[in-house]
Amino acid sequence: MKYLEAIGKYFIMIWEVFKKPTKWRIMKTLILKEIDELIFGAMGIIIFISFFIGGVVTIQTALNLTNPLLPKSLIGFAARQSVILEFAPTFTSIIMAGKVGSYITSSIGTMRVTEQIDALEVMGINSLNYLVFPKIIATMMYPFAVAISMFVGILGGWVAAVFGGFAPSGDFIQGLQMDFDSYHVTYAFIKSVVFAFVIATVPSYHGFYMTGGALEVGKASTTSFVWTSVVIIIANYVLTQLLLG
Amino acid sequence: MIQVENIHKSFGDNHVLKGISTEFEKGKTNLIIGQSGSGKTVFIKCLLGLFEPDEGNIYYDGNCYSELSIKERRNLRQEMGMVFQGSALFDSMTVEGNVMFPLDMFTNQSQSEKQDRVDFVLKRVNLVDAHKRFPAEISGGMQKRVAIARAIVMNPKYLFCDEPNSGLDPKTAMLIDNLIQEITQEYDITTVINTHDMNSVMEIGEKIIFLKNGLKEWEGTNKEIFKTDNEAVTNFVYSSELFKKVRQMYIEERN
């Protein structure tokens, strides 16, 4: 019952976010600030993780392809498929749920605790639109981050394959080009847009409706990370079934 | 003027306000006092429109809040200023940004017009050299002044203050009280202050309402509070030895 109530409250929050918009002149500045904070601010960790995940996937694939009859190009093929279909959109989103999600929950939660949200409401401002809408729009840039993650992941795979002695560069690149289906990239971008919406709204919900003090802000951040991850995992399953099934 | 007519407010089984009626006059500092849990905060949030009363009406210069359209309510909100207990300044903005915020949101003034207005109100609250500083870089007393400046920058008709001098030293608290009273008289605002501070009660309480268990137990002025025989009020206001002595001296002087 408690969960059903929370789900209902979440959807009411989403509805409220799009009502009574803030002046575009103000909103534009807020969106640019959030893009800088949520997307560009997370690029470092995304690039770092993607590079090494790409490398690890390649090494593991290479170590499992022990049959000499199997071509080395399969290493590049497997790395490409893993990175594009799953690691770049989903794994990065889980990392983002931790980094960006906890930032969103704690910043909105602190505003709640220190009555800054009440101050907005008293002024007659739709606080949900003012606080959450720019975050939703900013995270719509997330596919751009996922595209970079794909590129860096595959680059990491190439570095691991070539410099680790698992496959020659030519074979790896041939594998990357083998049976390429551009729909897989579309699928990854569709997923990343949905995940971006989840990353912006679920932590906002936990921050906005939290009660208590500083300790509760910390607890809300942890809860928001858990629920954002759960929703991403479920959405990943549903989207995969719908788009690839 | 704000007229409150028999308002009730409950949260589940907790009946917080049990039928309060009163009037808050224009150009006067109206104080709400009472013990913790007496319903002061819920009452002021009802006045601010943050909570909708379950029963009863609130009239702002004759306009019944519950009968206003959403747009009219929004416009009314813009005529209200609020000073929160913890100041509630936006951490990410400078002092100047905080004060300019309502102007940015609700007016189409040019940057220079807004700047002039911000300079004027900051000067009015005696803050002339803090424009570019962030809330975390200024003292609690200065934060309160910025909160007052932000509350009055739109020329509000109604000013609400929740414990405006909590956490301040007595001298700064008195400066803030006097500033609020001066602004109230100068701009002919209806000011409602929620307070625990007995110095404020004695100093600026032009009208005082004492709440107890969600009901209005007593109302009067800071002069009348000395004379009252209401046991609940005297127990609350004269809980300290100092105030007991002050009251005794006042009564002896009158006799």
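Numbers restart at 1 for each chain; the letters A, B, ... are given by sequence-line order, proteins then strands.
For B:Ile70, no part lies near chain A; criterion is any non-hydrogen pair under 4.5 Å. Looking at B:Phe106, the atoms closer than 4.5 Å to chain A (heavy atoms on both sides) sit in the backbone and in the side chain alike. Residue B:Glu79 does not touch chain A at all, counting heavy-atom pairs closer than 4.5 Å. Of the atoms belonging to B:Asp91, heavy atoms from both backbone and side chain fall under 4.5 Å from chain A. At a 4.5 Å heavy-atom cutoff, the contact between B:Arg150 and chain A is made by side-chain atoms alone.
Heavy-atom minimum distance, B:Asp104 versus A:Arg25: O-NH2, 3.4 Å. Of all the heavy atoms in B:Met105 and A:Lys23, the pair that sits closest is O-CE, 3.4 Å.
Atom CZ of A:Phe18 has more than 12 neighbouring heavy atoms from other residues, nucleotides or ligands inside a 6.0 Å radius. Within a 6.0 Å sphere centred on CZ of A:Phe151, heavy atoms belonging to other residues, nucleotides or ligands number 12 at most. The 12-atom threshold is exceeded at OH of A:Tyr183, counting heavy atoms of other residues, nucleotides or ligands nearer than 6.0 Å. With a 6.0 Å radius and a threshold of 12 heavy atoms from other residues, nucleotides or ligands, B:Phe11 has its CZ atom above the threshold. Under a cut-off of 6.0 angstrom, the local environment of NZ in B:Lys9 is crowded, with over 12 non-hydrogen atoms contributed by other residues, nucleotides or ligands.
Of all residues spanning residues 119-132 of chain A, those with a heavy atom less than 4.5 Å away from chain B's heavy atoms are A:Ala119, A:Leu120, A:Glu121, A:Val122, A:Met123, A:Gly124, A:Ile125, A:Tyr130, arranged by number.
When side chains are defined from C-beta on, A:Met111 counts as touching B:Phe90, because their heavy atoms get closer than 4.5 Å.
Taken from OG in B:Ser92 to CD in A:Gln116, the straight-line distance is 7.5 Å, to the nearest 0.5 Å. To the nearest 0.5 angstrom, A:Glu115 atom CD is 7.0 Å from B:Met82 atom CE.
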